[in-house]
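Below is one structure, written out as structure tokens, with a few remarks after it.
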Amino acid sequence: MNIREYLTKLNPEQVQAVQHEGSPLLILAGAGSGKTSVITAKIAYLIAEKGIRPSQILAVTFTKKAASEMMERAIRLEPLASKAQIRTFHSFGSWFLRFHAAEVGISSNFTVYDDSDMVTLVSKAVPSLQKKNAAHYAHLISLAKDYCLAWDSPELAELDSDPDFPEIYRQYENRLRETGNVDFGDLIMLPVILLQENESLRAYMHSRFRVIMVDEYQDSNVAQFKLLQALAGEDTYVCVVGDDDQSIYRFRGAEVQNILTFQDHFPGTQIIKLVRNYRSVAPILSNADSVVSNNKGRLGKNLVSVRGEGGKPQLFFFANQDEESAFCSDMIREAHKKGCPYSDWAILYRTNAQSLNFETEFMHKKIPYSVVGSLKFYEREEVKDALAVISFLVNPRDELSFRRIVNKPPRGVGDVTQDKIIAKAAENRADVENLVPKLGLVEACLDLLPSLPKKARASLKEFLDTVSELSAMLGDEEPDFGSFEDDSDTTPDARVDKPGGAETAEVSDGKVDSASVAEVSDAVSMRAVKGAKATSLFAGDSPLTLADFIEEVVKKTGLLEYHEAQDEIAGTQKVANLQELYNSAAFFDCSRKGLLDFLDHIELDRAAEDNSDDTSDAVTLITLHNTKGLEFPRVIITGMETGVFPRADKTEDELEEERRLFYVGITRAKDELYFTSCASRRLYGRTDFMEVSPFLMELDAENLEVYGRQPAAFRRNFQTLHGDVGSGSGAGSGSSRSGRSGTGSGAGFGKDASRFGASGSAANSENSRFSSGSGSSARGRVLNTNAAADDDFDDELETVWRKGKRVYHDDFGYGYITNAMYSDEGMYIITVAFECGRKKSFMPAYQSASFMLCGD
DNA sequence: TCACAGTGACTTTTT
DNA sequence: GTCACTGTGA
């Protein structure tokens with residue numbers, strides 16, 4: 001479909017936004033309002049209809065995932081869009097810095113230090129700091145950089161009044177410059193500084209990019225705003241898209257003010273609101289609206305549902321997270337039997353730690369799932385080790401990588417010696433007036449070698465030999481980063497995309513400078529050239545890829561052996577993970593440039609790992625933050641408890657952010673939405689009683705169905721806030737519920753509705769599973785809690801769930817009640833010793849299908 | 001320098 | 001319950 005046809009499918013506001021020109025444009029795009037469609041259409045439109053050269057368009061997004069999706073969709077409308085610069089902020093900064101590294105005193109071979117690297121570097125720069133404090137300061141430093149504040153900036157005090165902070169920041173910064181590397185914050189902040197100080201560079205950039213678009217603008221931070229400001233000249237067309245209600249990264253420096261005050265900074269701004277929601281059915285949207293309207297500082301807009309009526313969201317209360325996950329898996333499995341694919345489902349939670357329960361449960365029930373985000377693959381020890389070697393190879397000043405690998409496996413080069421080597425290197429560099437990159441840590445090692453103990457001397461020497469051998473395999477030509485210029489007029493057709501499509505968003509990257517020879521910068525031919533060279537080193541005929549190289553690195557440095565031994569001891573998967581790492585490097589060429597590309601790819605792209613053509617049908621487990629920009633037909637938002645979501649100790653402002661996060665979660669759902677909340681939850685191996693999340697009280701009673709034992713606080717507040725909800729809402733008393741549970745929302749909730757809705761000893765096919773009569777009747781009573789006053793009920797509990805009774809639990813099997821007592825909160829608690837040897841505590845008041853009495 | 005054991009802290013969220 | 005840091009002893 002070309003862009004003209006496409007425009008006919010858009011609504012009037014969308015068309016207006018696509019065709020708008022002249023003034024700066026702020027598109028306020030509500031959730032599910034087709035914002036990506038608008039941006040991609042706009043890119044295509046500018047190229048196809050307005051004659052803008054693709055390379056003059058810069059589109060910046062927040063995540064790489066978003067960048068590749070945008071690129072893909074734009075290309076579908078207009079193939080030339082492949083030459084536009086569609087990048088994340090950080091990848092843009094990285095690209096920019098490669099060409100201007102020297103001007104800010106870094107190596108153009110820099111790699112990016114991640115957060116944990118920052119912590120290590122802080123503690124090395126300021127040795128007196130405890131590890132815990134180092135983490136605190138590292139966090140502060142990155143926050144400072146998000147606000148574009150240098151160590152000597154007077155405004156630093158506003159961030160944190162700690163008098164030590166500026167000095168620590170300074171020490172860190174010095175040390176970081178020594179290494180020639182950068183951290184995440186630098187990727188934005190350094191370009192800003194460069195552009196602010198260098199007028200001709202600024203002028204050049206103004207001519208380089210005529211159009212700049214920013215997606216997810218509500219999540220941009222001050223530094224990113226300044227970058228935008230510096231990049232945009234008088235004639236630059238600036239268009240930003242965002243939704244103030246979806247700003248969820250303030251904790252990391254994102255500044256809602258950026259979007260709220262956009263018009264002030266870009267005079268003459270036109271605002272277009274997109275409020276037609278194409279994603280969710282009306283009841284879901286009205287709950288979203290009901291929640292977010294509790295926030296104060298917002299621009300304000302109401303989404304209009306295009307899809308119209310649908311099932312109401314359902315809220316479930318459980319005893320604990322085992323029931324919660326069991327319920328989710330049951331519901332998903334039931335739906336699957338009726339033909340609903342697993343991939344329709346997403347389970348959302350606040351913190352990554354919560355995924356564990358679901359993973360265990362799903363594994364148990366053989367439901368396929370994939371966890372998004374928390375896959376800390378690149379943070380694993382063995383992977384970081386291998387990466388450290390190659391980082392060190394491309395940047396021999398990289399202190400952290402050096403430290404990481406020089407004594408692994410143990411070579412007798414401990415902390416003390418390492419410090420000496422680093423100091424020596426600094427000394428060496430100070431001697432020579434200008435910084436010659438060759439004067440790295442290897443040279444420092446060689447200088448110190450004679451002074452070391454015999455054993456250390458030999459093994460360090462061996463290490464250095466390995467390093468130089470590996471380095472030689474890469475060749476010694478300087479990496480060619482392609483051209484910084486806009487060269488789209490030169491030889492556009494001669495370009496070859498990188499293989500495997502691994503770098504869709506980077507296509508415009510490896511451009512051919514008209515002056516340089518094509519073979520050098522083109523990824524494919526580069527690989528061929530390298531491969532030919534390398535065949536002498538390797539027996540095989542196939543060209544050497546980065547995968548082969550990394551494998552070689554791991555073998556030669558002894559890391560493979562080391563981790564093999566670890567696997568042996570601890571039964572871990574380190575070697576397998578290394579194998580995985582080789583695989584992911586297969587599409588990069590074996591050269592210094594290839595290594596840098598690969599490292600960039602990893603460093604700037606952690607979230608997008610699961611892109612591995614996930615065609616398999618699986619439930620998505622994902623944190624609320626990670627869902628931004630995604631949608632699912634059926635969504636379950638779990639852990640709706642105070643302390644979990646929202647987290648405890650939130651200020652009013654932060655609470656608003658948590659609420660926006662909740663809003664984001666709700667608006668991911670297309671057809672069905674569920675909330676779950678637990679009365680108790682295991683945290684740090686301890687079981688805590690939980691209060692309901694205050695957000696639940698903000699849901700729209702008219703469009704919500706409530707099941708399970710409602711905590712008193714919820715019952716009280718929900719009804720106070722919303723008045724007497726009456727029988728129609730489903731949020732009323734237990735008795736009114738049972739009547740309508742059969743219908744429910746009708747969707748995906750067959751058998752389970754009866755679990756909650758059935759009262760007393762109603763014949764429930766599920767009951768037959770559970771042994772004796774006394775068991776099922778006790779269970780019936782338990783389930784019918786809302787109808788009975790708590791006091792009466794607890795008397796019953798004491799007689800039914802008494803010490804010595806035999807019980808059965810789905811997960812643990814049979815056991816006996818060994819203890820029964822009341823907690824401080826007045827809850828009746830029993831302890832059960834199971835035959836499997838485990839001891840568990842339960843609150844019988846909340847137990848349902850997974851746990852029951854067996855009769856005597 | 002390194003291995004081990006005990007202790008304490010920990011859970012936001014991510015480019 | 002787990003992990004990682006800290007300090008001690010060889």
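If you're wondering where the values come from, they're calculated on a predicted model, not measured in any experiment. Below, chains carry the letters A, B, ... as their sequence lines are ordered, and counting in each starts from 1.
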Measure from the side chain of [X], starting at C-beta and using heavy atoms only, and say which of [options] lies closest.
X         : options                   : answer
Phe184(A) : dT11(B), dT14(B), dT15(B) : dT15(B)
Asn352(A) : dA3(B), dT11(B), dT13(B)  : dT13(B)
Val416(A) : dT1(B), dT15(B), dT14(B)  : dT1(B)
Arg252(A) : dT11(B), dT13(B), dT15(B) : dT15(B)
Phe251(A) : dT13(B), dT11(B), dT15(B) : dT13(B)
Asp115(A) : dA3(B), dT12(B), dT14(B)  : dT14(B)
Arg647(A) : dT1(B), dC2(B), dT11(B)   : dT11(B)
Asn407(A) : dT12(B), dT14(B), dC2(B)  : dC2(B)

Checklist entry - In terms of the angle between their ring planes, are Phe92(A) and Trp95(A) parallel, tilted or perpendicular, with boundaries placed at 30° and 60°? => result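 Taking Trp95(A) first and then Phe92(A), their aromatic rings sit tilted (interplane angle of 30° to 60°).
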Whole angstroms only, please: what is the [atom1]-[atom2] distance between [X] and [N]?
X         : N       : atom1 : atom2 : value
Tyr249(A) : dT15(B) : OH    : P     : 7 Å
Gln418(A) : dT1(B)  : CD    : P     : 9 Å
His625(A) : dT15(B) : NE2   : C1'   : 13 Å
Lys408(A) : dA3(B)  : NZ    : P     : 12 Å
Asp146(A) : dT13(B) : CG    : C1'   : 14 Å
Asp322(A) : dG1(C)  : CG    : P     : 13 Å
Arg411(A) : dT1(B)  : CZ    : P     : 15 Å
His139(A) : dT14(B) : NE2   : C1'   : 11 Å

Checklist entry - Can the ring centres of His625(A) and Phe251(A) be said to be less than 6.0 Å apart? => result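 Close enough - the centres of the two rings lie under 6.0 Å apart.
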Next on the checklist: Is the shortest side-chain heavy-atom distance between Tyr369(A) and Thr620(A) below 4.5 Å?
Outcome noted: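 They are not in contact (no side-chain heavy atoms under 4.5 Å apart), so the answer is no.
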Item to check | Tyr169(A) vs Leu140(A) side-chain heavy atoms within contact, under 4.5 Å | outcome: no
Checklist entry - Does Thr417(A) place a side-chain N or O at less than 4.0 Å from the phosphate oxygens OP1/OP2 of dT1(B)? => result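 Thr417(A) to dT1(B) OP1/OP2: side-chain N or O found under 4.0 Å.
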Item to check | Distance below 4.0 Å between Thr88(A) side-chain N/O and dT14(B) OP1 or OP2 | outcome: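 For dT14(B), neither OP1 nor OP2 has a side-chain N or O of Thr88(A) closer than 4.0 Å.
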Checklist entry - Taking the six-membered ring of Phe318(A) as reference, does the NZ or CZ atom of Arg681(A) fall below 6.0 Å from its centre and within a 45° cone about the axis? => result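 The answer is no, since Arg681(A) fails at least one limit relative to Phe318(A).
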Checklist entry - If each of Pro410(A) and Phe62(A) is mapped to the nucleotide of DNA chain B with the nearest heavy atom, which maps nearer the 5' terminus, i.e. the 5' end? => result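 Closer to the 5' end of DNA chain B: Pro410(A).
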